[in-house]
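Here the structure comes first, spelled out in structure tokens, and everything after it is commentary.
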Amino acid sequence: MNPFCEIAVEEAVRLKEKKLMKEVIAVSCGPQQCQETIRTALAMGADRGIHVEVSGKDYENLGPLQVSKIMAALAKKEEASLVIVGKQAIDGDCNQTGQMTAALLDWPQGTFASQVSVEGDGLKVEREIDGGLESIRIKMPAVVTADLRLNEPRYATLPNIMKAKKKKIASVKPADLGVELTSRLEILAVEDPPQRQSGVKVESVQDLVTKLRDSGTL
């Protein structure tokens with residue numbers, strides 16, 4: 001499981017343990033192997049899982065927008081009051097799914113969350129920004145994206161791993177949710193960055209200026 005998503009699962013389980021939420025549903029989109037990730041979430045304390053079956057070419061083209069459409073459709077179907085996702089994947093690093101999900105649902109969002117607390121019918125979210133920390137209040141239903149400092153995920157114990165095997169994982173297809181996965185992006189090429197050249201030592205500032213001018217840098 002992506003570490004950010006692991007933190008998101010932990011936060012959801014903690015909210016349920018505080019009796020602030022009734023049920024935790026873990027969702028993963030992809031081929032059959034995704035059920036292993038869902039089982040991990042169930043062992044951490046999620047109540048049930050939903051596996052959205054995506055394979056072949058659709059899986060290769062699965063991007064943040066397609067995942068967001070799936071998450072938004074499931075949130076409506078399950079009548080969710082809170083969607084918590086990792087702030088970004090660790091492969092594509094897009095940091096878009098949470099924001100797009102909130103936009104599709106027209107829900108408020110708390111991104112880069114380092115602390116979440118329920119206050120009445122809303123949330124107080126402390127989020128990390130470039131200049132430090134920002135605290136915001138948002139009404140539920142809402143979307144929250146988890147940052148690294150939100151919590152420290154628990155280890156799944158052996159008894160909980162055994163219990164997770166008995167928990168329900170429902171399998172659905174995107175079409176069942178009315179979601180079209182056609183990508184509007186086309187990758188034209190993937191290239192390695194140019195190889196870095198070795199540096200040289202110069203004796204004076206004048207030599208440095210000459211080198212830079214000769215190389216066209218200056």
With rounding to the nearest 0.5 angstrom, report the [atom1] to [atom2] distance, [X] to [Y].
X	Y	atom1	atom2	result
Gln96	Thr145	CD	OG1	12.5 Å
Leu123	Lys139	CG	NZ	12.5 Å
Met44	Glu10	CE	CD	5.0 Å
Glu126	Ser114	CD	OG	4.5 Å
Arg154	Glu152	CZ	CD	11.5 Å
Tyr59	Glu53	OH	CD	13.5 Å

Please say whether more than 12 non-hydrogen atoms of neighbouring residues, nucleotides or ligands are located less than 6.0 Å from [atom1] in [X].
X	atom1	result
Glu119	CD	yes
Asp93	CG	yes
Ile187	CD1	no
Lys167	NZ	yes

So do [Y] and [X] actually touch side chain to side chain, heavy atoms under 4.5 Å?
X	Y	value
Met140	Val118	yes
Val52	Leu74	yes
Val9	Pro153	no
Leu105	Lys76	yes
Leu62	Asp58	no
Phe4	Ile90	yes
Val24	Leu15	no

If you compare all heavy atoms of [X] against all heavy atoms of [Y], which two are closest, and at what distance to 0.1 Å?
X	Y	value
Thr37	Met1	O-CE, 3.6 Å
Leu181	Pro174	CD1-CG, 3.5 Å
Ala46	Ala26	CB-CB, 4.2 Å
Pro108	Ile138	CB-CB, 3.9 Å
Gly98	Val143	O-CG1, 3.5 Å
Gln66	Ser183	NE2-CA, 3.6 Å

Using the side chain to side chain contact (heavy atoms under 4.5 Å, CB included) rule, take Ile169 and Arg39 through it: C-alpha gap first, then chi angles, then the decisive distance, then the call.
-> CA-CA 8 Å; Ile169 297 180; Arg39 290 291 178 199; 3.4 Å; yes
Okay, side chain of [X], backbone of [Y]: is any donor-acceptor separation there less than 3.5 Å?
X	Y	value
Ser55	Pro31	no
His51	Gly30	yes
Asp214	Lys211	no
Glu180	Thr182	yes

Between [X] and [Y], is there a shared hydrophobic cluster once you connect ILVMFWY residues whose side-chain heavy atoms come closer than 4.5 Å?
X	Y	value
Ile84	Leu20	yes
Trp107	Met100	no
Val144	Leu148	yes
Ile50	Leu177	yes
Val13	Met21	no

Using the side-chain hydrogen bond (donor to acceptor under 3.5 Å, both in side chains) rule, pick out the option among Glu6, Glu11, Gln115 that qualifies with Asn151.
->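 Passing option: Glu11.
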Among Asn2, Asn95, Asp147, find the one that has a side-chain hydrogen bond (donor to acceptor under 3.5 Å, both in side chains) with Lys87.
->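 That would be Asp147.
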Any Lys/Arg nitrogen of Arg14 or Glu17 sitting under 4.0 Å from an Asp/Glu carboxylate oxygen of the other?
->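 Looking at Glu17 together with Arg14, the answer is no, because their closest N to O distance does not fall below 4.0 Å.
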Would you mind telling me which of Leu65, Val179, Thr97 makes a side-chain contact (heavy atoms from CB on, under 4.5 Å) with Ile70?
->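 Between Ile70 and the candidates, side-chain contact (heavy atoms from CB on, under 4.5 Å) is satisfied uniquely by Val179.
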When you look at Arg127 and Thr111, which way does the side chain to side chain contact (heavy atoms under 4.5 Å, CB included) test go after all the steps?
-> CA-CA 6 Å; Arg127 55 189 304 271; Thr111 57; 2.8 Å; yes
